[in-house]
Amino acid sequence: MITIRRISQDDLLYPQQCSLRETVLLNPIGLDIPKFKAMFPGVEERFEHFVAVFKHPSGERVIGTASLLPNYPESGIGKLMQMAVDLQRQGEGLGTRLVVAVEQRAFGELGLRELFCHARDTAYGFYQSLGWEFDSDVFMEAGIPHRKMVFCNSLPEE
Ligand SMILES: CC(C)(COP(=O)(O)OP(=O)(O)OC[C@H]1O[C@@H](n2cnc3c(N)ncnc32)[C@H](O)[C@@H]1OP(=O)(O)O)[C@@H](O)C(=O)NCCC(=O)NCCS
């Protein structure tokens, strides 16, 4: 069974989450967690991390992750970052479940009005399939073409 969970940096699963980010996202572009922290000072400490956890007989395994930076760059807005699914488990809907969990947290619990991300060119279709929309032209980040994509809370305010 696979569950989606929100974890802090103190969680026993956090090292696995970092390892997955390095394997899927960071190492292929010459980065690792220390370099990521240097690129985005103070961000790691402010993240809310979401993980997809597979209950393996030998222990729990993190097979997907996404991180939410709430109230960034201003109150009411959040940034989705470090979205990664284990290479062997992509295309099974885990990325979708993770983004839905982030959206529920951001809009339902934190009361944010907008989420955005810097989407890699290879992932545009993924975010589009979830209703996210382009909000910028192509720009380079970490040597890769990206576009800003956004998703707004469409629920009426109480
Ligand atoms: C992008 C990523 C997070 C998607 O997670 P996933 O679990 O594979 O995605 P899902 O199975 O939930 O797919 C949801 C939908 O998006 C589509 N999709 C997934 N990845 C896609 C991609 N790279 N391009 C276009 N469409 C994609 C799927 O076909 C699916 O569409 P459907 O509902 O019509 O079948 C994952 O493939 C990944 O980790 N990729 C490498 C790292 C990366 O690029 N991260 C994003 C950085 S911005």
Side-chain angles (χ1 to χ4, degrees), residues 1-26 31 33-34 36-56 59-86 89-120 122-136 141-142 146-158:
M1 195 180 63
I2 295 164
T3 53
I4 306 294
R5 209 181 294 169
R6 179 158 55 92
I7 62 165
S8 70
Q9 285 191 70
D10 300 329
D11 198 289
L12 289 175
L13 294 176
Y14 178 66
Q16 279 197 53
Q17 192 258 7
C18 289
S19 169
L20 182 66
R21 288 160 60 191
E22 288 189 325
T23 304
V24 178
L25 283 172
L26 300 174
L31 298 177
I33 295 289
F36 174 84
K37 288 182 178 174
M39 269 179 79
F40 298 97
V43 160
E44 191 70 23
E45 294 71 27
R46 289 183 55 201
F47 268 149
E48 291 192 358
H49 298 293
F50 293 77
V51 287
V53 183
F54 175 57
K55 269 201 193 309
H56 189 271
E60 293 186 316
R61 292 202 188 148
V62 173
I63 55 174
T65 185
S67 300
L68 169 64
L69 189 58
N71 296 307
Y72 175 89
E74 63 185 68
S75 179
I77 298 180
K79 185 174 184 184
L80 171 66
M81 296 178 74
Q82 297 293 283
M83 177 82 236
V85 172
D86 185 297
R89 306 301 299 255
Q90 291 178 6
E92 296 181 19
L94 292 176
T96 299
R97 287 177 63 186
L98 284 159
V99 174
V100 167
V102 169
E103 290 172 354
Q104 285 174 342
R105 171 74 178 152
F107 300 133
E109 293 176 16
L110 298 177
L112 304 185
R113 64 178 184 278
E114 179 185 310
L115 282 172
F116 77 100
C117 71
H118 290 178
R120 294 183 179 189
T122 50
Y124 295 159
F126 168 66
Y127 293 107
Q128 282 180 306
S129 77
L130 292 166
W132 289 53
E133 295 177 347
F134 292 118
D135 193 40
S136 81
E141 188 171 86
H146 284 75
R147 287 180 78 177
K148 181 182 177 187
M149 296 186 77
V150 297
F151 189 91
C152 294
N153 184 8
S154 54
L155 293 177
E157 289 187 25
E158 298 197 1

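These values consider heavy atoms only, across backbone and side chains, with no hydrogens, waters or symmetry-generated copies.
The side-chain hydrogen bond (donor to acceptor under 3.5 Å, both in side chains) search around Glu60 returns Arg5, Lys55, not counting sequence neighbours. Residues satisfying the ring-ring contact (aromatic ring centres under 6.0 Å, His included) criterion with Tyr127, sequence neighbours excluded, are Trp132. Annotation: ring-ring contact (aromatic ring centres under 6.0 Å, His included) contacts of Phe54 (sequence neighbours excluded): none. For Arg89, the side-chain hydrogen bond (donor to acceptor under 3.5 Å, both in side chains) partners two or more places apart in sequence, or in a different chain, are Glu92. Under the side-chain hydrogen bond (donor to acceptor under 3.5 Å, both in side chains) criterion, Arg147 pairs with no residue, sequence neighbours left out.
Within the 4.5 Å cutoff, the side chain of Phe126 has no heavy atoms near those of the Gln90 side chain. Between Gln9 and Gln17 there is no side-chain heavy-atom pair separated by less than 4.5 Å.
When atom types are taken as modelled, the side chain of Arg97 and the backbone of Ile2 share a donor-acceptor pair closer than 3.5 angstrom. Remark: the backbone N or O of Ser67 is not paired with any side-chain donor or acceptor of Gln82 at under 3.5 angstrom. Glu48 places no side-chain N or O within 3.5 Å of a backbone atom of Leu68 that could act as its donor or acceptor partner. When atom types are taken as modelled, the side chain of Arg120 and the backbone of Leu25 share a donor-acceptor pair closer than 3.5 angstrom.
In this structure, His118 NE2 and Leu80 CG are separated by 11.0 Å, a value rounded to the nearest 0.5 Å. A distance of 9.0 Å separates CG of Asn153 from CG of Leu115, quoted to the nearest 0.5 Å. If you take CZ on Arg46 and CZ on Phe40, they are separated by 13.0 Å, rounding to the nearest 0.5 Å.
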Compile the donor-acceptor pairs under 3.5 Å between side chains in residues 69-79 and protein atoms, sequence neighbours left out, one pair per line.
residue	atom	partner	partner atom	Å
Asn71	OD1	Gly76	N	2.9
Glu74	OE2	Arg113	NH2	3.2

